[in-house]
2 protein chains.
Amino acid sequence: MKRAKKKIFADFIAQRGLKSTKQRDIILDSFLSSDRHLSIEELYLKLRAKHSNIGYATVYRTLKLFAEAGIAREMEFGDGQTRYEHVVEGEHHDHLVCTRCGSIEEFENQTIEDLQTQVAADRGFLIERHRLELYGVCGKCRS
Amino acid sequence: MKRAKKKIFADFIAQRGLKSTKQRDIILDSFLSSDRHLSIEELYLKLRAKHSNIGYATVYRTLKLFAEAGIAREMEFGDGQTRYEHVVEGEHHDHLVCTRCGSIEEFENQTIEDLQTQVAADRGFLIERHRLELYGVCGKCRS
DNA sequence: GTTAAAGTGAATTCCACTTTCAATTGGAGC
DNA sequence: GCTCCAATTGAAAGTGGAATTCACTTTAAC
């Protein structure tokens, strides 16, 4: 899967006439082997540990590129930081966010999706995207 | 209803040992007779038109107070600005946000709520609150 | 190898709040 | 009404994360 993502990004780069650089390679590598919901800051700090010469701006711009290339998605869970999550082809999911430990789980529910579409249709509204987040206490924190 | 909200806020003020000031009265009045999803900036500008002596910081702090008093709720719809919506006793609703004109509609769907609770329960997760927003094009913008 | 376009990163700016602080103002007790 | 003091106000300064600038570097296509 990591291969596939790299391929997608390489194609994106080529198709847009952009350049392949070692910073982008490093950032992509690090992103792909990271937690599924990473903020710019977190990735930047992680990178600094090994590559002290990569700037915040580059991480910021590269993540934006990932989003444009379709291998990452921008998310925000109310802590004021934009997070980037890995995009899996054809998959859509919503989130369960633990307000104690901050962990983020994912879930899918087609029935909920269908109901959303119906609610919108009833009002002549055409849905482009949605966000559904459930905040609460995860199993681990409850026990 | 406007009366009821004013009563709630007056009680809140009294109970917390805070003071009743003309700025707070003016801001509350303006808030209650406004659109249901107002940003600080929007309310501030609206107020400036009639009362040039009310500062941004006061509007900001007063809206926070409204939220604490339970007559307003903080919301954020991805445009980077915090919005305050009117709270109606015992009511819960989600939002339909038009990405063209920025209008915000509300809706309720108990079945969706129930499914959310069930999804969470299946994972040992206890929901405290949630956010569900559908982004797309409203009926008006489509026609 | 040359070179022009693309990329980089330290530093700066932007922006939406948030807090500070000196001056002002309710309001409880005379 | 008058005093006193904590609460309030608003201009201005501060914050923190995002976004942009700009003076170099690198790439990659000749």
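Throughout, protein chains are lettered first and strands after them, A, B, ... in sequence-line order, and every chain is numbered starting at 1. Computed from a predicted model, the values in this text were never measured in an experiment.
- The base of dG26(C) is not paired with the side chain of Arg24(B) by any donor and acceptor separated by under 3.5 Å.
- Residue Gln81(A) has its side chain nearest to dA18(D) when only dT26(D), dA18(D), dC17(C) are considered.
- Side-chain proximity of Tyr60(B) to dT18(C), dT8(C), dG10(D): nearest is dT18(C).
- OP1 or OP2 of dA6(C) has not a single side-chain nitrogen or oxygen of Thr21(A) nearer than 4.0 Å.
- Taking the side chain of Ile40(A) as heavy atoms from C-beta on, and the options dA12(D), dA18(D), dA28(D), the nearest nucleotide is dA18(D).
- Annotation: Glu89(B), atom CD; neighbour count of heavy atoms from other residues, nucleotides and ligands within 6.0 Å does not exceed 12.
- Contact annotation: Tyr56(A) side-chain N/O to dA18(D) OP1/OP2 distance is under 4.0 Å.
- Taking the charged nitrogens against the carboxylate oxygens, Arg131(B) and Asp94(B) have no contact shorter than 4.0 Å, which rules out a salt bridge.
- Using a 4.0 Å cut-off, some side-chain N or O of Lys22(A) falls inside it from OP1 or OP2 of dT27(D).
- Residue Thr58(A) is in base contact, counting any heavy-atom pair closer than 4.0 Å across all strands shown.
- Residue Ser39(A) is classed as having no contact, given no heavy-atom separation below 4.0 Å to the nucleic acid.
- Here Arg16(B) lies out of heavy-atom contact (under 4.0 Å) with every strand.
- Ring centers of Phe31(A) and His86(A): under 6.0 Å apart, within the cut-off.
- Dashed line: the shortest gap from a side-chain N or O of Gln23(B) to OP1 or OP2 of dT8(D) is not under 4.0 Å.
- Aromatic ring orientation, His93(B) versus His95(B): perpendicular (interplanar angle above 60°, classes split at 30° and 60°).
- Distances shown here put a side-chain N or O of Lys64(B) below 4.0 Å from the OP1 or OP2 atom of dT18(C).
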